[in-house]
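Since we're looking at a predicted model, the values are computed, not measured. In what follows, every heavy atom counts, from backbone to side chain, and hydrogens, waters and symmetry copies are set aside.
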Amino acid sequence: MAVPLAAAPPATRRARRSYRGWQFVGPFMIVFALVFLAPIVYAIYLSLYRNRLIGGNAFVGLDNYTQALQDPQFWSGVGRVGLFLVVQVPIMLFLALLVALALDSGRLYGKSFFRVSIFLPYAVPAVVAALMWGFIYGSQFGLIGNLNDALGITLPDPLKPSLILASIGNITTWTFVGYNMLIFYSALQVVPKSLYESAAIDGAGQVRIIRSIKLPAIRGALVIATIFSIIGSFQLFNEPAILRNLAPNAITTYFTPNFYAYSLTFSGQQINYSAAIAVVMAVITMIVAYVVQLRGTKDL
């Protein structure tokens, strides 16, 4: 009679399972460390040094951070993107929510066409979108200039200093309304239709259904879209960088914190100070996004 083999000890089985788990997550962890953690660590490392004329690259501790916190140009850029966030993000999310609700209502003719049409601008590369709108805005060479010549009028110049931030906000809204609409529309699709039927039987109108059922049901999607929009606002770079060639008097090298860090690196050769600017902006973005997440997910 064959003698059954002894079962492996529980500790050995647990170790084997743990090892197999790392085989699955190991490749991701390696890529994650190389493309995410390593650049952050290197940026922090660079921010602790400063290139001196005598002595070369020397350790200066937190001096670069102290300089950044006292830099009026840096805070000017932070204030500008803060204003951009407060004004542009609510407008963009409101338009995206309005379109998503219209598509979800089932009363919009040609729903598929409108859904694709509104999402299509998001497929346009950011550089191409900025160039396209930049030439539309041109009062000497673009659509605005053509309208002025054809109608004999003088329309406001969208590329002048007082309007350039609003013009960039229009580009960003045009690009990302469809992206946020898709987030909201997808969240609305999983809301049970029986809730709408019950509300209709109780005499609730569309406005009451939206306020009492739809908006609470997609609250998580609203929070996610808001956090993404906040991060995108603080990272504003492509539009100012492209439009600067068309409006050099309106967009300075410190127009946004990211553009300021870019200018310090490639024009001023201040790599260490640029790294400190980037780290400070990352911390600010993380704090603001975390606060919004806490407030948005409270009592969920």
Side-chain angles (χ1 to χ4, degrees), residues 80-130 132-133 136-137 158 163 165-193 195-196 199 205-240 242 256 285 288-298 300:
R80 198 171 287 111
V81 295
L83 176 63
F84 181 86
L85 187 156
V86 170
V87 176
Q88 186 269 338
V89 169
I91 294 175
M92 177 181 64
L93 294 182
F94 174 76
L95 292 175
L97 179 62
L98 195 65
V99 174
L101 291 172
L103 293 173
D104 185 68
S105 68
R107 302 181 180 183
L108 186 65
Y109 181 76
K111 182 174 66 173
S112 299
F113 170 78
F114 281 106
R115 184 171 64 244
V116 174
S117 299
I118 295 169
F119 181 76
L120 192 60
Y122 180 69
V124 178
V127 174
V128 176
M132 180 185 69
W133 279 98
I136 290 175
Y137 288 150
L163 293 179
L165 192 62
S167 299
I168 292 175
N170 178 62
I171 298 173
T172 306
T173 301
W174 177 82
T175 302
F176 288 98
V177 160
Y179 172 79
N180 290 290
M181 175 272 296
L182 196 62
I183 294 176
F184 299 150
Y185 181 71
S186 300
L188 286 168
Q189 293 304 292
V190 300
V191 179
K193 304 301 180 184
L195 294 177
Y196 304 152
Q206 285 299 316
V207 175
R208 182 62 183 275
I209 291 175
I210 291 173
R211 189 175 68 249
S212 301
I213 298 178
K214 292 187 177 183
L215 292 183
I218 65 170
R219 183 177 172 184
L222 287 168
V223 173
I224 291 174
T226 302
I227 292 174
F228 286 169
S229 300
I230 290 172
I231 295 173
S233 297
F234 280 122
Q235 292 179 341
L236 188 64
F237 174 80
N238 284 325
E239 290 79 8
I242 298 300
T256 68
T285 304
V288 174
Y290 183 65
V291 170
V292 171
Q293 180 183 4
L294 286 181
R295 294 296 300 271
T297 57
K298 188 177 181 180
L300 273 181

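- Between R80 and L165 there is a side-chain heavy-atom pair separated by less than 4.5 Å.
- What you find for P240 and T256 is that their closest heavy atoms are CG-CG2, 4.0 Å.
- Considering CD1 of I209 and OG of S105, their distance stands at 11.0 Å, rounded to 0.5 Å.
- Remark: T173 pairs with Q88 by the side-chain hydrogen bond (donor to acceptor under 3.5 Å, both in side chains) rule, at least two apart or across chains.
- The side-chain hydrogen bond (donor to acceptor under 3.5 Å, both in side chains) search around R115 returns none, not counting sequence neighbours.
- Across all their heavy atoms, L188 and A100 have their closest contact at CD1-O, 3.7 Å.
- Checked against ring pair (Phe, Tyr, Trp, His ring centres under 6.0 Å), F234 has no partners two or more places apart in sequence or in another chain.
- Looking only at side-chain heavy atoms (C-beta outward), T172 and I168 come within less than 4.5 Å of each other.
- Between W174 and V124 there is a side-chain heavy-atom pair separated by less than 4.5 Å.
- Between A187 and A221, the shortest heavy-atom contact is CB-CB, 3.7 Å.
- What you find for L103 and F114 is that their closest heavy atoms are CD2-CB, 4.2 Å.
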List the atom pairs, with distances to 0.1 Å, where a side-chain N or O of residues 222-232 and a protein N or O form a donor-acceptor pair under 3.5 Å, not counting sequence neighbours.
residue: T226; atom: OG1; partner: L222; partner atom: O; Å: 2.7
residue: S229; atom: OG; partner: A225; partner atom: O; Å: 2.8

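- Checked against side-chain hydrogen bond (donor to acceptor under 3.5 Å, both in side chains), N170 has the following partners two or more places apart in sequence or in another chain: Y137.
- Of all heavy-atom pairs between I171 and T175, the closest is O-OG1, 2.9 Å.
- Aromatic ring pairs are classed by plane angle as parallel below 30°, tilted from 30° to 60° and perpendicular above 60°; the pair Y179 and F176 is perpendicular.
- Between V99 and F184, every side-chain heavy-atom pair lies at or beyond the 4.5 Å cut-off.
- Rounded to the nearest 0.5 angstrom, L101 CG and K214 NZ are separated by 6.0 Å.
- Here the closest heavy-atom approach between residue I213 and residue A199 is recorded as CD1-CB, 3.7 Å.
- With sequence neighbours left out, S212 forms a side-chain hydrogen bond (donor to acceptor under 3.5 Å, both in side chains) with R208.
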